[in-house]
Amino acid sequence: MLGLILPRGCAGCDKPDEILCSDCQSLFRRHTVLPLNGTPSGASDGTPGAVTAPNALNGIPSAAIQQPACAMIYAAGTYQGHVRRAILSWKDHGDTECDKAFSQVCRQLVAGSGIIETLQTKPQTLSQPMPQTEHQTGSQTQILVVPAPSSPKSMRTRGRRHLWPLAKATAAELAAAGVEACAVNALRTRHVQGKAVETHSALGRAARLDGQLEVNDPGLIAGKKVLILDDIVTTGTTMRRCAEAIRGARGSVVGGLALAAVPPPAER
């Protein structure tokens with residue numbers, strides 16, 4: 001009945017009566033793998049642990065991509081076309097019906113990227129995921145899933161922490177695979193101006209966040225392994241700044257996840 005009164009289309013392609021149609025969902029199964037320094041290093045076909053041949057321009061061998069000691073960013077899709085439109089509809093235009101669809105994207109990314117093998121702890125039986133709270137202590141947690149923070153202005157505009165449902169879904173998928181995990185809003189920003197995706201250079205993004213990210217409670221992070229979650233990766237600056245703040249609080253960054261990565265200029 002609601003669909004008759006307020007008809008909607010797919011967030012990505014506007015196909016009638018869909019939130020995120022199957023064709024657009026498939027675009028979020030073309031995984032890209034980047035080292036945390038922001039340089040593209042290969043792409044996954046969506047099967048566990050699979051990475052395609054390395055990008056020869058970057059000179060990074062596949063063995064290095066698989067190296068657990070190297071923190072990696074796993075992006076579900078490429079930030080262009082229908083992927084870009086769907087993310088912007090959800091993120092900046094209030095399409096909260098996409099929360100469930102993008103939570104599922106994060107679950108599939110966790111399952112298909114190989115991140116579970118990187119994070120795997122001793123096998124354990126978990127009847128249900130650990131409860132999630134926005135400021136949970138996580139004292140008994142092996143992995144903390146920490147969303148990248150938005151600026152206070154962006155949160156006021158959106159009226160929500162848009163990454164929070166995705167962080168909870170990511171932690172739940174890790175828990176289902178036997179990795180003890182919970183989601184925690186552990187980071188905050190101070191005096192950040194503008195949006196990262198609107199800043200057109202790596203230097204500009206670095207300057208935008210320089211000294212502006214901090215950990216809410218260092219005791220929450222100290223001694224913990226942390227997986228960072230963001231919506232869009234452009235140059236990797238936001239992820240790097242998040243990682244620096246977490247390491248400054250004596251946490252260990254084991255990787256990052258994102259809905260999409262912006263392609264290099266030559267591929268746009």
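Note that the coordinates shown come from a computational prediction; the quantities given were computed from them, not determined experimentally.
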Under the 3.5 angstrom rule, does the side chain of Arg107 hit a backbone N or O of Thr170 as a donor-acceptor pair?
no
Side-chain donor or acceptor of Thr78 paired with backbone N/O of Gln80 under 3.5 Å:
no
Verify the cluster assignment for Ile19 and Leu259: are they in a single hydrophobic cluster under the rule of side-chain heavy atoms below 4.5 Å apart?
no
Would you tell me whether Ser154 and Thr157 have side-chain atoms, one donor and one acceptor, within less than 3.5 Å of each other?
no
Identified side chain to side chain contact (heavy atoms under 4.5 Å, CB included) partner of Ile143 from the options Ile115, Val179, Val226
Val179
Set of residues satisfying salt bridge (Lys or Arg N to Asp or Glu O under 4.0 Å) with respect to Glu244, sequence neighbours excluded:
Arg241
Under 3.5 Å, is there a donor-acceptor pair between the side chain of Glu180 and the main chain of Ala175?
no
Run the side chain to side chain contact (heavy atoms under 4.5 Å, CB included) test against Ala249 and tell me which residues pass, sequence neighbours left out.
Val215, Pro218, Ile221
Drop me the distance from Gln108's CD to Glu173's CD, to the nearest 0.5 angstrom.
9.0 Å
Enumerate the ring pair (Phe, Tyr, Trp, His ring centres under 6.0 Å) contacts for residues 96-117, please, sequence neighbours excluded, ordered by first and then second residue.
Phe28-Phe102, Trp90-Phe102
Which residues pass the salt bridge (Lys or Arg N to Asp or Glu O under 4.0 Å) test with Asp99, not counting sequence neighbours?
none
Between Leu36 and Met239, does a side-chain contact (heavy atoms from CB on, under 4.5 Å) hold up when you go through it step by step?
CA-CA 7 Å; Leu36 207 54; Met239 286 272 193; 3.9 Å; yes
Ion pair check, Asp23 and Lys15, cut-off under 4.0 Å:
no
Take a 6.0 Å sphere around CZ of Arg250 and say whether it holds more than 12 heavy atoms from other residues, nucleotides or ligands.
no
Mind checking what makes side chain to side chain contact (heavy atoms under 4.5 Å, CB included) contact with Ser26, not counting sequence neighbours?
Arg29
Distance, nearest 0.5 Å, that separates OG1 of Thr238 from CG of Leu213:
7.5 Å
Minimal non-hydrogen separation, Ile116 against Ala177, with atom names
CD1-CB, 3.6 Å
Count the heavy atoms of every other residue, nucleotide or ligand shown that sit under 6.0 Å from CZ of Arg85, and state whether that count exceeds 12.
yes
So, for Cys13 and His82, which heavy atoms are closest and what is the spacing to 0.1 Å?
CB-CE1, 3.6 Å
Arg158 and Ser150: side-chain donor and acceptor closer than 3.5 Å?
yes
Can you tell me how far apart NZ (Lys153) and OG1 (Thr189) are? Round to the nearest 0.5 Å.
12.5 Å
At what distance, to the nearest 0.5 angstrom, does CD1 of Ile246 lie from CG of Leu144?
8.5 Å
With Lys100, which residues qualify under side chain to side chain contact (heavy atoms under 4.5 Å, CB included), at least two apart?
none
Distance col, row Asn185:CG vs Leu163:CG, nearest 0.5 angstrom, shows 9.0 Å
Once you round to the nearest 0.5 Å, how far does CG of Leu166 lie from NE2 of His162?
8.0 Å
